[in-house]
Amino acid sequence: MLVEGGHVFAVTGAVLAGLGFYSFLVKRHPIRQLLAANVVGAGVFLMLGGLGRSPGGADPFAQALVITGIVIAVALSALGAAMVVRLAACGDKDEAPLGEKREGP
Amino acid sequence: MSPLDLLVATPLGFMLAALAFGGQGRWLILVASPLMMSLAVWLVFLPPDAAHVVGGWDLPLGILLRGDGVARVFVLGAALCAALVGLQALYEFSPQSGGPSARNRGFWPLFYLMWAGANAGFLTTDLFNLYVALEMVSLAGVGLSALGSLQAALRYFLFALMGSLAYLLGVALLFANYGTVDITLLARTAEADAATLMALAVMTGGLLVKSALFPLHGWLPPAHAAAPAPASALLSAIVVKLGFVILMRLWFEAFATLAAPIAVGLLGALGAAAVIYGSIQAMRQRQLKALVAYSTVAQVGYLFVAFPLVAAAPSAAWSGMTLHAVAHMLAKAAMFLAAGLMLKAAPGRDIADLVGLARVMPVTVTAFALAAISLMGLPPSGGFAAKFMLLDAALDQGAYIYAAVLLGGGLMAAVYLFRPIAVAFSGAHGRAVALKAPLAAVAPLALAMCAIALGFFGVAFAELAAIGAPWAQGDAIGGVP
Amino acid sequence: MSEAFMLAAMLVLVSMAAALLRAWRGPTSVDRIMAVQLVGTGMVGVAVALGAARNEAGMLDAALVATLLAAVAVSAFVRRPEGAATSHSKPNSPSLDR
Amino acid sequence: MGPEFLAVLQILSLALLAAGVLFYVAGSVGLLRFPDAPSRLHALTKADNVGLGLVSLAAAIYWGEPAIAAKIALVWLFAIISSGMTAQLLARAAPVADGSGSPAEYERESGT
Amino acid sequence: MSAAFDILLCLMILATAGIALFVRGAFAAIAFFIAFGNLLGLAWLALGAVNVALAEIAVGAGVTGVALILACSRLFELGDNLADVRTPLASRLGSAALCLGFTVMLAGVVLTIPPGDRLSKVVAPLLPGLGIENPVTGVLLAFRGYDTLLETFVLLGALVAAWSLTPDASRRLPPTTMVMTDPTSRIVAEAFTRLLAPAALIIAAYLVWVGSDLPGGAFQAGAVLAGALVVATLGGVVVLPRLDSLAARIALMVGPLTFLAIGLAGAALGGRFLAYPDGLEKTLIVTIEYALAISIAAGLALLAIGPPQPMPNNARADAR
């Protein structure tokens, strides 16, 4: 298949998504996992944008989806950062409620 | 002015009002509950093919809102649940009940955001709109569980975030491949090429994280158990259901032709494993709310055990699956509310501390018991009717393993749910203290009785759930008015 | 001529990559934030060159926004108490350099 | 404007572009090779801004329209202002964050 | 030539992302992540999607980078030096194999889909009816206005969730002083803010106004204003109001409220929810965009600075 301009960015997006998922699984600190989530989001948007590329310019529908996605991603990242700092500052109010130890995800 | 729009616009309006009124925002629920209940009932009585595009922009650009059977049933269940949980929260989050005021003020906007997101998710057929609705619901879910344990909320947040991104990846692939994100259009044009299968797999993975199916359930028990009672009731009843409804729409409508028996069988197997694992873990729990949280993991397993049954014979098992979901919604909300009240009166958090509670707070313990009856699937409850329909479908298809899981699950549920009830009724000299506001026990009782009442209206429920179901009438809904 | 601007854009990209080497190696966090600043100004240059190559005036708005917000990250970085603490006597300040 | 005048403009724009890129590269090399933070700061703010200015000038000439040239000048103006601020802030932070943070540390590193 | 530029840019994006995710130092990770955001903005410019580039640059530089830097510096103050606990080798290899397979499959699938625009030919004929030329604004505010409405409530919800974390204890404690403690830096920041703030206001207003016809829009303008607000707060020029103060809540609610009110008004006047009456489309859309820009600016600024965190005792000693 002919590798067109859009494919370069789309494949980059796919690789970013893969990198992000791997980093999410491997890294334990929440801030690192937040960075991983942002990289996956950027990868998905880049894929959407890349596949919407045409000689006339980028597909407006895809652009609108990406802008909506970016705003949601930034809102969640900022919330995540606030939660991590709050957890480090005050710890958990009540002890771990469960009897069994922390098992897999 | 159709309920399809108002069911989302009204809670958003109440969210703004709750944010504006701040401290006094909690009294809004007295207006919101009846209003939302009437909108939900109005939706139920709409003509069968009620659907319209938002803003008048036609597909594939616009967003189609459709009041099909699944939407009506889940919106009604969610409205009932949220309304009664809201009344209980009025008591739980009042200033005199203690707890930081930021927490009390944060609950109500998030409560209405979740309600709007759930309704938006149940009513739309647009996959990207479902992504935004999913984000609304999980954001509110994270906010509500953060009112309890921040550690569990952070873990829930990170897993929910990854689940949403996996789902969004699938939506991006589908849009790139078909040029549309609408389920009704996809149902007509979908074919089994690499991109579609990959998209379906990735979306299903993301949604399984959202609906906490075993083995991706790790985040649910700590978050639901530590949250305050109304929050964990909403989390277990509504948040978990939206992911499941989207999976239903994907597997049985958009990609019904692609749903290979192996894949659906895998979901069924995971469901069976969830039933067994959830029940065993529930038996091992010392704390009441942890037991109820693991019961959610088990009950979600039932919903996915129903997947292969519906794939094989849709007309038989469809209403069983939807009835089970709604019955679980009502019963689990009742149980969490009752558990919250019981733990307030009991000296500790463990099941052993519930000694003699039945004498001190008979109404709440009865509500807990009624909810347990529905979860166990004993007649005449809604849970029984759902299990009966599923069992009937499983036996018709000769799927004896699933039939065994359904029966075994009910038995195990009886074991782990009977323990707290037995402790509550035993013992004369309980050290429990009477509840300050007996009125608060009305909400769980009402919810539990609704769960039981569902058992009597099984047939009517089946007809309602079958409206506009994908297998029922081909694609009559496709022609958009 | 537009080819020349594309070539210029690529060369500036390469210079940004070199700057990132400092971000990788930089012993102190100040070096890292400097490298990020250099990437920021480099990005503005590439945006202007790209806009000229493709005759797209919208890209200049993007460059304008980039220059406007370039200083935000630095002010957030400098805000940390021990980083800009007046008293120089804090030997074991938890510096961000790890 | 005669064709040869246009040719001169194009050559001028090319020359400015080349000079601009040269300054960018100089800025990066400066950042890599200079021994300590303040001198790297020098490379960062001076070289890069001149590089951006020259590239912008080249673009303005190549584009030709005055409105676009005005917007490019605005871009350059803001670039200078914010890099001025960045230089001030980083200069304040540079010696303190260097190693143990005492000014003595700074002198020792720069070899005086 | 532009293909070579695309490939070089993509390689750099992958490199910065890889380093940002796996470098050992915490601050190095954030530095590379901000560089990654800048390069992403360039990628969107190379793709010709200037609207998205504006949003990515404004949000990446203005909000995400700041939120992470502030979070990281607060974590250091609290003694959590973001040390990374090594996950066992077995799980690392397993995840690596899983993700590698996933990436190869995903890249393969992506290559089977021919890039090309999908709906621009469907969008184009409808734009004159709205009196708008920028198709992205048309899609965002009209055709998919329902998505955008819900999304503004997601932003509001994120803020409410972040602020409901503040324990009552933080009422009495001074919230983490967001102002730079070093006086000269603060003077520099103040001077810069006096210059930056009017410029940011003008540019934001310009972006919203031009957003109807050329690249721009409410989100981009809001993010630019948020960046300016953050610098102003750090410079001590402005003190961001607490969420329970009336000023903050009005600023936050004006966008969603206007959007919801206009949507419901459309339904009340016989049309449908979020249907703009004929002839009024552009005016209503521009009104909504200005209201949204204000709410997004306030929301993103409050999110970037983060809710007031109770100070650990040693850092509080410096702050006074």
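On a predicted model such as this, the values are computed, not experimentally measured, just so you know.
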Heavy-atom closest pair, residues [X] and [Y]:
X	Y	answer
D:Ala59	C:Val48	CB-CG1, 3.6 Å
D:Thr86	C:Gln37	CG2-CG, 3.5 Å
D:Phe34	C:Arg22	O-NH2, 4.2 Å
C:Thr67	D:Ala79	CG2-CB, 3.8 Å
C:Phe5	D:Ser13	CZ-OG, 4.1 Å
C:Met34	D:Leu90	CG-CD1, 3.6 Å

Does D:Ser82 use its side chain to pair, donor to acceptor, with the backbone of C:Leu68 at less than 3.5 Å?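 No: the side chain of D:Ser82 does not pair with the backbone of C:Leu68.
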Determine whether a donor-acceptor pair (N or O, by modelled atom type, separation under 3.5 Å) exists between the side chain of D:Ser28 and the backbone of C:Ser15.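 Yes; at least one donor-acceptor contact below 3.5 Å.
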Residues 66-76 of chain D side chain polar contacts: donor-acceptor under 3.5 Å, at least two apart:
| residue | atom | partner | partner atom | Å |
| --- | --- | --- | --- | --- |
| D:Lys71 | NZ | C:Asp61 | OD1 | 2.8 |
| D:Lys71 | NZ | E:Tyr206 | OH | 2.9 |
| D:Trp76 | NE1 | D:Asn49 | O | 3.3 |

Just to verify, what does D:Ser39 make a side chain to side chain donor-acceptor pair (under 3.5 Å) with, not counting sequence neighbours? D:Asp36
Partners of C:Thr41 by side chain to side chain donor-acceptor pair (under 3.5 Å), sequence neighbours excluded? D:Asp48
Heavy-atom proximity to chain C below 4.5 Å, by part of [X]:
X	value
D:Leu54	neither
D:Phe78	both
D:Leu31	both

side-chain contact (heavy atoms from CB on, under 4.5 Å) for D:Met85 and C:Val74? Distances and angles first, verdict last. CA-CA 9 Å; D:Met85 169 177 174; C:Val74 175; over 6 Å; no
Of the listed C:Ala17, C:Ala70, C:Gly45, the one with the largest count of heavy-atom pairs under 4.5 Å with chain D is C:Gly45
Residues of residues 14-21 of chain D under 4.5 Å from chain C (heavy atom pairs)?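 Residues D:Leu14, D:Leu17, D:Val21 are the ones that qualify, each having a heavy atom under 4.5 Å from chain C.
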Walk me through it: do C:Arg25 and D:Leu32 pass the test side-chain contact (heavy atoms from CB on, under 4.5 Å)? CA-CA 9 Å; C:Arg25 247 197 338 205; D:Leu32 286 179; 4.1 Å; yes
Name the region of C:Ala35, side chain, backbone, both or neither, that has any atom closer than 4.5 Å to a heavy atom of chain D. both
Taking it one step at a time, do D:Trp63 and C:Leu60 satisfy side-chain contact (heavy atoms from CB on, under 4.5 Å)? CA-CA 12 Å; D:Trp63 228 309; C:Leu60 294 181; 4.1 Å; yes
Working to the nearest 0.5 Å, report the span between CG of C:Leu38 and CZ of D:Arg40. 12.5 Å
With a 4.5 Å cut-off on side-chain heavy atoms, are D:Tyr24 and C:Leu11 touching?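 No, their side chains stay 4.5 Å or more apart.
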